[in-house]
S.K.: 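Encoded as structure tokens, here's the structure I'll be asking about.
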Amino acid sequence: MSFDFNFTADQLSQCVPAKNAISDLFQAVSDVLPNYEITSVERVAGFLSQCGHESRDFTSLQENLNYSAARLNQVFPKLFPTVESAQLYDRSPEKIGNKIYSNRLGNGDEASGDGYKYRGRGAIQLTGFVNYKAFADAIGKTVDDTVAYCETLEGAVESACWFWKTHGLNALADAKDVLGMTKRINGGILGLDDRTARFQRAITALGS
């Protein structure tokens with residue numbers, strides 16, 4: 001399967017302007033997107049605009065867990081009800097990941113190390129053991145191999161494609177439903193204005 005239009009690296013650079021190594025991204029996108037039926041102008045525009053927002057133009061592909069104690073108290077008040085209670089986790093990404101993702105998403109307890117191991121990776125961040133396992137099963141890899149794969153650019157793109165297809169986002173892209181795509185990915189409407197602007201820019205770039 002291939003794209004339904006003449007897709008070029010120059011068009012991609014217009015869709016994700018902050019990404020410098022555009023040739024590497026173009027190779028990954030060209031190799032992977034058609035396997036998930038993301039081949040039309042609308043579908044590619046939807047994918048690039050949503051992933052571009054989520055990953056800062058494919059420049060941030062792993063979850064940043066480097067929180068200060070004060071920020072932990074602000075973002076996770078149930079887990080860290082006071083700044084003092086967060087001091088042991090201050091600027092300690094591994095400890096933070098093991099704490100905030102323990103006993104959920106198929107992860108073990110805080111001591112298991114699952115929270116950090118299965119932290120968010122990819123252009124639409126894959127998080128938690130159950131999601132890594134589902135993606136691993138879909139691509140025929142072990143979970144450990146899938147974790148490593150998601151740390152590559154191709155894996156970051158493919159994990160996002162897998163999420164995209166399994167959550168029915170192609171149909172929403174066909175309808176140019178940016179609000180629907182945003183809700184399906186974000187669970188709300190965070191960043192809707194930026195996602196909308198990105199989508200319109202991508203439609204223009206890819207249609208040229």
Side-chain angles (χ1 to χ4, degrees), residues 16 18-21 24-25 28-29 32 47-48 50-167 182 184-188 190-191 194-195:
V16 288
K19 178 67 175 174
N20 291 323
D24 292 341
L25 179 61
V29 167
V32 176
F47 181 84
L48 293 176
Q50 291 289 332
C51 290
H53 176 85
E54 292 285 323
S55 66
R56 299 178 184 177
D57 286 344
F58 295 84
T59 63
S60 179
L61 299 173
Q62 287 195 47
E63 186 174 10
N64 181 6
L65 294 170
N66 188 28
Y67 292 98
S68 67
R71 187 61 178 156
L72 285 170
N73 169 240
Q74 291 175 344
V75 178
F76 307 103
K78 290 183 179 179
L79 293 174
F80 305 100
T82 65
V83 174
E84 290 72 25
S85 68
Q87 285 297 337
L88 288 175
Y89 297 84
D90 183 77
R91 302 294 182 187
S92 300
E94 186 168 354
K95 292 171 72 173
I96 291 169
N98 288 334
K99 175 74 170 179
I100 65 176
Y101 290 128
S102 64
N103 299 309
R104 44 186 297 242
L105 299 172
N107 294 340
D109 61 17
E110 188 173 349
S112 72
D114 286 352
Y116 186 72
K117 180 176 181 178
Y118 301 117
R119 66 191 182 278
R121 294 180 180 85
I124 299 175
Q125 291 197 344
L126 194 68
T127 308
F129 173 79
V130 292
N131 291 312
Y132 278 94
K133 178 67 164 61
F135 179 46
D137 289 346
I139 61 175
K141 293 181 182 288
T142 68
V143 175
D144 284 346
D145 285 346
T146 298
V147 169
Y149 180 53
C150 287
E151 293 185 348
T152 69
L153 182 56
E154 181 178 323
V157 170
E158 185 162 14
S159 63
C161 287
W162 172 79
F163 178 96
W164 185 271
K165 187 173 182 181
T166 57
H167 286 79
T182 301
R184 194 71 55 88
I185 291 169
N186 176 253
L190 187 66
D194 180 61
R195 296 171 200 261

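On a predicted model such as this, the values are computed, not experimentally measured, just so you know.
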S.K.: Test of understanding: with ring-ring contact (aromatic ring centres under 6.0 Å, His included), list the residues that count as partners of Y116, not counting sequence neighbours.
M.R.: none
S.K.: Name the residue from Y67, F76, F80 that meets the ring pair (Phe, Tyr, Trp, His ring centres under 6.0 Å) definition with Y89.
M.R.: F80
S.K.: Do L65 and I100 come within less than 4.5 Å of each other through their side chains, counting heavy atoms only?
M.R.: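 A side-chain contact under 4.5 Å exists here.
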S.K.: Please report the interatomic distance CZ(R184) to CH2(W164), rounded to the nearest 0.5 Å.
M.R.: 10.0 Å
S.K.: Determine yes or no for a side-chain-to-main-chain donor-acceptor pair under 3.5 angstrom, with T146 supplying the side chain and D144 the backbone.
M.R.: no
S.K.: Using modelled atom types and a 3.5 Å cut-off, is there a donor and acceptor pairing between side-chain atoms of R195 and backbone atoms of T182?
M.R.: no
S.K.: Output the distance between atom NZ (K19) and atom CG (D24), rounded to the nearest 0.5 Å.
M.R.: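 Spacing of NZ (K19) from CG (D24) equals 7.0 Å.
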S.K.: Donor-acceptor pair, D57 side chain versus T59 backbone, under 3.5 Å?
M.R.: no
S.K.: Apply side-chain contact (heavy atoms from CB on, under 4.5 Å) to N131 and Y118, showing your working.
M.R.: CA-CA 9 Å; N131 291 312; Y118 301 117; over 6 Å; no
S.K.: How long is the straight-line distance from CG of N98 back to CG of N107, given to the nearest 0.5 Å?
M.R.: 9.0 Å
S.K.: Check the surroundings of atom CG in N20: do more than 12 heavy atoms from other residues, nucleotides or ligands lie under 6.0 Å from it?
M.R.: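 Not more than 12 within 6.0 Å, no.
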S.K.: What distance do L25 atom CG and E154 atom CD have between them, rounded to the nearest 0.5 Å?
M.R.: 11.5 Å
S.K.: Please name the pair of heavy atoms, one in L153 and one in A28, separated by the smallest distance, quoted to 0.1 Å.
M.R.: CG-CB, 4.3 Å
S.K.: Consider salt bridge (charged side-chain N to carboxylate O under 4.0 Å, His left out). Of E54, E151, E158, which one does R121 pass it with?
M.R.: E151
S.K.: Would you sort out whether L126 and F135 count as a side-chain contact (heavy atoms from CB on, under 4.5 Å), showing the intermediate values?
M.R.: CA-CA 9 Å; L126 194 68; F135 179 46; 3.7 Å; yes
S.K.: Heavy atoms only: give me the nearest C150-S159 pair and the separation to one decimal.
M.R.: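 Heavy atoms of C150 and S159 come nearest at SG-CB, 4.0 Å.
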S.K.: Run the side-chain contact (heavy atoms from CB on, under 4.5 Å) test on K117 and F129 for me, step by step, so that the C-alpha distance in whole Å, both residues' side-chain angles and the decisive distance to 0.1 Å come before the verdict.
M.R.: CA-CA 9 Å; K117 180 176 181 178; F129 173 79; over 6 Å; no
S.K.: Would you name the heavy atoms of S55 and C51 that are closest together and state the gap between them?
M.R.: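 Heavy-atom minimum between the residues: OG-O, 2.6 Å.
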S.K.: Taking P81's backbone N and O only, do any of them form a donor-acceptor pair with N73's side chain (distance below 3.5 Å, no angle check)?
M.R.: yes
S.K.: About how many Å separate CD1 of I124 and CZ of F47, when rounded to the nearest 0.5 Å?
M.R.: 6.0 Å
S.K.: Does R56 have more than 12 heavy atoms from other residues, nucleotides or ligands lying within 6.0 Å of its CZ?
M.R.: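 At most 12 heavy atoms, drawn from other residues, nucleotides or ligands, come within 6.0 Å of this atom.
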S.K.: Would the number of heavy atoms belonging to other residues, nucleotides or ligands and lying under 6.0 Å from NZ of K95 be above 12?
M.R.: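 Counting neighbours around NZ of K95, more than 12 heavy atoms of other residues, nucleotides or ligands fall under 6.0 Å, so yes.
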S.K.: For Q125 versus G120, what's the shortest heavy-atom pair and its separation?
M.R.: OE1-CA, 3.8 Å
S.K.: How long is the gap from CD1 on I96 to CG on D90, to the nearest 0.5 Å?
M.R.: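 CG of D90 is found 7.5 Å from CD1 of I96.
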S.K.: Give the minimum heavy-atom separation between A156 and L61, together with the two atoms involved.
M.R.: CB-CD1, 3.9 Å
